[in-house]
Enquirer: 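One structure, as structure tokens, below. Some questions next.
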2 protein chains.
Amino acid sequence: MEKLFVIKIGGNVIDDKETLHSFLSAFSSLEEKKILVHGGGKIATKIGDSLGIQSKYNNGRRITDDDTLDLVTMVYGGLVNKKIVAQLQSLNCNAIGLTGADANIIPAKKRPVKDVDYGWVGDIEKSKIESIKLKMFLDNKIIPVFAPLTHDMQGNILNTNADTIASSLAVALSADYDVRLIYCFEKKGVLEDVNNNNSVITNIDRKKWAELLEDGRLFDGILPKLENAFGAIDEGVKEVLIGNANDLFNNTGDKTTGTLITA
Amino acid sequence: MEKLFVIKIGGNVIDDKETLHSFLSAFSSLEEKKILVHGGGKIATKIGDSLGIQSKYNNGRRITDDDTLDLVTMVYGGLVNKKIVAQLQSLNCNAIGLTGADANIIPAKKRPVKDVDYGWVGDIEKSKIESIKLKMFLDNKIIPVFAPLTHDMQGNILNTNADTIASSLAVALSADYDVRLIYCFEKKGVLEDVNNNNSVITNIDRKKWAELLEDGRLFDGILPKLENAFGAIDEGVKEVLIGNANDLFNNTGDKTTGTLITA
């Protein structure tokens with residue numbers, strides 16, 4: 001099968017103009033088929049503050065009320081997404097900016113209220129992702145760039161976790177492509193020693209993961225990323241790569257500077 | 001040739017929730033191929049005021065400085081566009097929200113500085129419009145919905161007049177479709193008597209236009225609309241319709257309640 005990269009960048013890339021530009025240059029130069037998913041960044045909080053929209057949190061998770069939904073719709077879906085698209089176009093990458101509502105590519109459901117009402121937050125309906133539309137874009141050399149927004153098919157946009165959008169798209173496209181799902185984050189990869197940025201574990205398979213868990217040496221915050229990674233692999237994604245945005249080009253070949261996760 | 005409607009709505013439709021919803025219902029029910037272009041509406045000014053971004057004007061034309069560009073990118077390209085897309089999706093219309101930067105469909109040039117520097121305002125490069133991309137969407141039953149934004153192919157979004165986007169798309173697609181370009185505005189059509197909303201002139205061709213000009217009875221603001229209409233017809237658009245958003249359904253057949261303009 002043909003190769004496809006599904007690449008996710010977060011606030012640490014979006015918030016820094018130079019980092020973003022050099023990442024987008026590397027992204028543009030990739031010759032393989034590719035999809036970009038971006039998070040929000042601090043700009044939404046900054047604009048929200050100016051508009052008097054207070055971010056509300058519950059156990060560290062943002063609650064999306066009406067005003068916050070408008071805020072993320074305009075900042076993620078408009079400002080951040082279209083600026084990235086315009087920059088990619090200038091780099092000869094024929095990008096198209098999308099939310100999950102566009103062409104109904106990512107249907108979702110408003111998260112049910114249990115203990116907490118998260119508001120306008122979307123849980124993706126994975127089986128309904130319209131990968132045929134994405135294939136149409138990719139076959140026509142159009143590069144999808146997703147903002148972290150979906151819709152409920154009842155007229156509402158839903159705020160949706162960018163990591164989950166990336167993994168859901170990767171899973172949906174695994175029937176048609178050999179997908180490498182790449183999560184860009186602030187470190188070079190999964191580290192043996194959290195204080196040593198050069199101690200990247202270059203390959204993790206299930207056996208290695210079991211060992212790492214037993215050793216108890218994995219640093220804070222990396223466990224959910226690894227769980228997600230193996231979750232995606234369970235659902236058909238060929239490889240997951242966790243690495244730094246600056247190393248994108250090195251992380252798209254057979255030898256990687258980040259951590260390559262396989263079955 | 002197959003029929004195609006290119007339909008433009010402005011602030012008077014966007015700013016009123018009920019008017020917008022009933023317009024979108026009618027738009028969804030059209031069985032012919034169709035494209036929607038929307039303007040901005042008062043919401044941009046309102047959010048701009050909250051953010052302390054003052055609208056600057058020169059001879060009644062808004063000047064787009066850096067802050068205003070960010071504002072219109074997020075409000076037109078994000079908030080307004082994606083809300084329309086989500087609503088259309090709920091009405092079984094498979095909409096895709098776009099700016100001219102997306103898939104490089106509408107390349108433009110920053111307006112040259114002569115007497116006035118309009119800032120980040122785009123003049124469309126008509127010959128470079130990628131109608132083949134629009135045809136791909138239409139052939140796949142995907143309905144393009146354009147925000148009034150283009151790009152300069154050098155990494156910048158450009159604020160662009162929605163009427164001009166609509167007429168430029170109509171012209172570009174006239175090689176492939178029998179295009180009816182529909183401008184929705186606050187009146188029922190071009191009126192014989194500006195004080196009588198029921199005095200719609202149902203058909204205007206060049207001969208009739210010459211008569212109307214000679215009579216000097218045309219009301220303020222309608223002249224540029226008619227000039228634009230005949231301009232589009234000169235460039236290959238089959239018909240231009242000027243009418244009210246509430247009458248959309250009546251304005252898509254052979255008999256219309258608005259004003260149908262033909263060669």
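Side-chain atoms are counted along with the backbone in the values below, which use heavy atoms only and exclude waters and symmetry mates. Fair warning: this is a prediction, and the values are worked out from it, not measured in the lab. A note on names: the letters A, B, ... follow the listed sequences, proteins ahead of strands, and every chain is numbered from 1.
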Enquirer: Return the CG to CD1 distance between A/Asp102 and B/Ile142, rounded to the nearest 0.5 Å.
Expert: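 Output value for this atom pair is 10.0 Å.
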Enquirer: Are more than 12 heavy atoms, taken from residues, nucleotides or ligands other than A/Asn92, located less than 6.0 Å from that residue's CG atom?
Expert: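 Result for CG/A/Asn92: open.
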Enquirer: With side chain to side chain contact (heavy atoms under 4.5 Å, CB included) as the criterion, how do A/Val85 and B/Ile157 come out once you've worked through the C-alpha distance, each side chain's angles and the decisive distance to 0.1 Å?
Expert: CA-CA 9 Å; A/Val85 167; B/Ile157 295 288; over 6 Å; no
Enquirer: With a 4.5 Å cut-off on heavy-atom pairs, point out which of B/Lys83, B/Met136, B/Gln87 contacts chain A the most.
Expert: B/Met136
Enquirer: Within the supplied structure, the quantity of interest is the number of heavy atoms (other residues, nucleotides, ligands) at a distance under 6.0 Å from B/Lys42 NZ; does it exceed 12?
Expert: no
Enquirer: Distance from B/Asn104 atom CG to A/Ser90 atom OG, nearest 0.5 Å?
Expert: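 One finds 11.0 Å between CG of B/Asn104 and OG of A/Ser90.
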Enquirer: Report, as yes or no, whether the 6.0 Å neighbourhood of atom NZ on B/Lys126 holds more than 12 heavy atoms from other residues, nucleotides or ligands.
Expert: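 Check passes, neighbour count above 12.
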Enquirer: Taking NZ in B/Lys3 as the centre, count heavy atoms belonging to other residues, nucleotides or ligands within less than 6.0 Å. Is the count above 12?
Expert: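 Yes, the 6.0 Å shell around NZ holds more than 12 heavy atoms from other groups.
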Enquirer: Nearest 0.5 angstrom please: A/His151 NE2 to B/Leu88 CG, how far?
Expert: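 That separation rounds to 11.5 Å.
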Enquirer: Heavy-atom pairs under 4.5 Å with chain A - which of B/Ala95, B/Gly78, B/Cys93, B/Gly52 has more of them than the others?
Expert: B/Gly78
Enquirer: Heavy-atom cut-off 4.5 Å, strictly under: side chain, backbone, both or neither for B/Phe137 against chain A?
Expert: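 Just the side chain, heavy atoms under 4.5 Å.
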Enquirer: Can you say whether B/Lys133 sits under 4.5 Å from chain A via the side chain, the backbone, both, or neither, judging by heavy atoms?
Expert: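 For B/Lys133, the side chain is the part near chain A, not the backbone.
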Enquirer: Could you measure the distance from the CD1 atom of A/Ile47 to the CG atom of B/Leu51? Nearest 0.5 Å is fine.
Expert: 6.5 Å
Enquirer: Starting at CD of A/Gln89, measure out to CG of B/Asn156 and round the result to the nearest 0.5 Å.
Expert: 12.5 Å
Enquirer: Using side-chain heavy atoms (C-beta onward) and a distance below 4.5 Å, is B/Met74 in contact with A/Ile43?
Expert: no
Enquirer: Which region of B/Ala103, side chain (C-beta onward) or backbone (N, CA, C, O), has a non-hydrogen atom less than 4.5 Å from a non-hydrogen atom of chain A, or is it both or neither?
Expert: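 For B/Ala103, the contact with chain A is made by backbone and side chain together.
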Enquirer: What option among A/Ala147, A/Pro107, A/Ala86 has the most heavy-atom pairs under 4.5 Å with chain B?
Expert: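 Top option by heavy-atom pairs under 4.5 Å: A/Ala86.
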Enquirer: Let me confirm one number: the NZ-OG1 distance from B/Lys82 to A/Thr73, rounded to the nearest 0.5 Å.
Expert: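 One gets 10.0 Å once the value is rounded to the nearest 0.5 Å.
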Enquirer: Taking side chain as everything from C-beta outward and backbone as N, CA, C, O, which of these in B/Leu71 sits under 4.5 Å from a heavy atom of chain A? Side chain, backbone, both or neither.
Expert: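 For B/Leu71, no heavy atom lies under 4.5 Å from chain A.
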